[in-house]
Amino acid sequence: MDFRTVADRIARDITSGKLGAGTRLPTQRRFARDHGIAVSTASRVYAELVRRGLVIGEVGRGTYVRAAPSVAESTLAEPSGAPVDLELNFPVLPEHTAVIAESLRAVLRPDVFAEALRAVGVAGTPVARAAAASLLARGGWSPQPEDILFAGNGRQAIAGAIAALVAPGERLGVEDMTYAVVKGIAARLGVVLVPLETDGEGVTPSALSAAGSLSAVYLQPTLHNPLGISMGPERRLAIADLLCFKDIPLIEDAIYSFLHDDPPLWPLVPRAVLVDSLSKRIAPGLSLGFAVTSPPLRPAVLTAIRSGSWSPQHVAMTAMTTWTTDGTATRLRTDKRADAQTRQALLSHHLAGFAIQSDPRSYHAWWHLPPHWRPDTFIATAARAGISLTPAASFAVPPTTPPQAIRLALASPPLPTLAAALSHLATLAQTPEPPTD
């Protein structure tokens, strides 16, 4: 019997209410016996139900029907509409609206805007490539302008890189807790994700060594989302050496790197694509994706972005060039670095004593909840107070069992609202978990 058929049957029982929220499913061995299937098939059924967001597995506690609707896809794709959004990071400081608007006056000059309305290719223009090289420089590294390609946004740049390097049915190595959008991209492209064990510095060399054949790896070495960790220099060198030895291309997600000064992995790996965007460093409403591509990979990545209809908008490219040359991008980066540190200080104050994993420069944090709280129940309870959160299950790559944790996105609420929300969450975490109906 196909595991999907069994999973469909259980899914119908869940959506119809026959299996209510909080119901604990039997062990996989008992489930296999009850349904007349192999234990390995039962394991695939449970993994499929986790993938669909219908159940959540917890180490030492079992597998439960989710206590709230699945948020694995939608939370990271669309704003939740909750009064206090701790799901998505939209780091746009109030004073930046006027700064950005003023800088766009130059873009809206008739002669400049007329050119910006023309179509532009994935390779952009020489002026835009030079501006992007300056914008993306960090830690003593600056990309060559000719290595830069453009996409509509960072997600599209990631999709283009994966499509270029990993064929349908092939294996892409990722951290065992990864950016949730990558899970969706892989599913649509027919790419098999291989979870790689992580520790306090990201993916471990031993996990990469033992992973077998991989067509590429997707990693977040700097301010990892959701874990909030960064690789130290020795770990970066060890991972780069392994990628070189095994001849595995790297897709490096550097979306949050503007908050950090460490150099990227990209220069250490002969075949690599570094992905970045404007969505966090400027604003999500006028975004642009970057793919810094090693020369051997450039044709494939360019073709993938173009054929995927992920090409950039010329207006956004022109705005990026203006923001880079007139100093706006530098000002916003400086302000956001200070803002992130302020928000991390609020986090440290209000959640002191809890198991928080983060970086003082990061806009997000990873909270290992007290053992008496299940993430789904905690999130559902917080939602009743108007606070939206993201569970570990959104980031876990099957068959990885999600830890009893949630991600806190700190960038969106005003500072007083954030402080009040964190205080409320601290009080909630100290109370007993309510019974499940």
Side-chain angles (χ1 to χ4, degrees), residues 76-77 88-89 91 132 135-136 138-139 141 143 147-166 172-186 189 191 193-196 198 201-203 208 214-231 235-236 239-240 243 248-260 262-269 271-281 284 287-294 297 301 304-305 310 359 361-364 366 394-397 407 409 411:
L76 300 183
L88 296 179
N89 270 326
L135 180 74
L136 301 178
R138 62 184 169 98
W141 169 81
D147 291 334
I148 297 174
L149 300 173
F150 298 91
N153 55 44
R155 296 177 180 187
Q156 293 176 356
I158 292 171
I162 294 175
L165 300 181
V166 190
L172 172 67
V174 297
E175 292 109 338
D176 50 12
M177 305 296 293
T178 194
Y179 178 36
V181 170
V182 169
K183 295 164 62 177
I185 291 171
L189 295 177
V191 169
L193 294 183
V194 179
L196 305 174
T198 57
E201 288 192 84
V203 66
L208 184 56
L214 299 172
S215 295
V217 295
Y218 164 87
L219 301 177
Q220 303 175 72
T222 302
L223 298 180
H224 181 282
N225 177 21
L227 300 179
I229 56 179
S230 297
M231 289 186 181
R235 175 63 58 85
R236 290 172 185 262
I239 295 299
L243 293 175
I248 300 174
L250 166 69
I251 301 171
E252 178 174 1
D253 188 334
I255 299 298
Y256 283 103
S257 64
F258 72 98
L259 298 170
H260 203 291
D262 284 354
L265 270 177
W266 189 93
L268 305 177
V269 182
R271 293 192 298 150
V273 181
L274 181 143
V275 174
D276 207 326
S277 84
L278 295 183
S279 62
K280 307 300 183 187
R281 68 173 71 221
S287 193
L288 180 70
F290 308 96
V292 183
T293 307
S294 301
L297 302 180
V301 175
I305 294 175
W310 298 318
D359 185 296
R361 296 161 290 193
S362 177
Y363 265 129
H364 54 268
W366 192 239
S394 293
F395 307 97
V397 180
R407 189 195 68 172

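Since the structure is predicted, the reported quantities are computational estimates derived from the model, not experimental observations.
Judged by distance alone, the side chains of R236 and T222 do bring a donor and an acceptor atom under 3.5 Å apart. A donor-acceptor pair shorter than 3.5 Å cannot be found between the side chains of Y179 and D253. A donor-acceptor contact under 3.5 angstrom links the side chains of T198 and D176, judged on distance only.
The shortest side-chain heavy-atom distance between E252 and L219 does not fall under the 4.5 Å cut-off. You'll find the side chain of L265 reaches within 4.5 Å of the side chain of L250, heavy atoms only. Side-chain contact between W141 and L274 is present, with at least one heavy-atom pair separated by less than 4.5 Å.
The only member of D359, N89, D276 that meets side-chain hydrogen bond (donor to acceptor under 3.5 Å, both in side chains) when paired with Y256 is N89.
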Fill in: Full working for side-chain contact (heavy atoms from CB on, under 4.5 Å) between V194 and L172
CA-CA 6 Å; V194 179; L172 172 67; over 6 Å; no
Worksheet item: Do V166 and L189 pass the side-chain contact (heavy atoms from CB on, under 4.5 Å) test, and can you show the C-alpha distance, the side-chain angles, and the key distance before you say yes or no?
Response: CA-CA 9 Å; V166 190; L189 295 177; over 6 Å; no
Fill in: Working for side-chain contact (heavy atoms from CB on, under 4.5 Å), residues S257 and R281
CA-CA 9 Å; S257 64; R281 68 173 71 221; 4.1 Å; yes
Item to complete: Output, in order, the C-alpha distance, side-chain angles, deciding distance and verdict of side-chain hydrogen bond (donor to acceptor under 3.5 Å, both in side chains) for R407 and H364.
Response: CA-CA 7 Å; R407 189 195 68 172; H364 54 268; 5.4 Å; no
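In this structure A132 satisfies the side-chain contact (heavy atoms from CB on, under 4.5 Å) test together with I148, F150, F290, M320, sequence neighbours excluded. The side chain to side chain donor-acceptor pair (under 3.5 Å) check on D262 picks up nothing, with sequence neighbours excluded. For D147, the side-chain contact (heavy atoms from CB on, under 4.5 Å) test picks out Q144, W266, V292, P295, with sequence neighbours left out.
Of all heavy-atom pairs between G154 and I255, the closest is CA-CD1, 4.5 Å.
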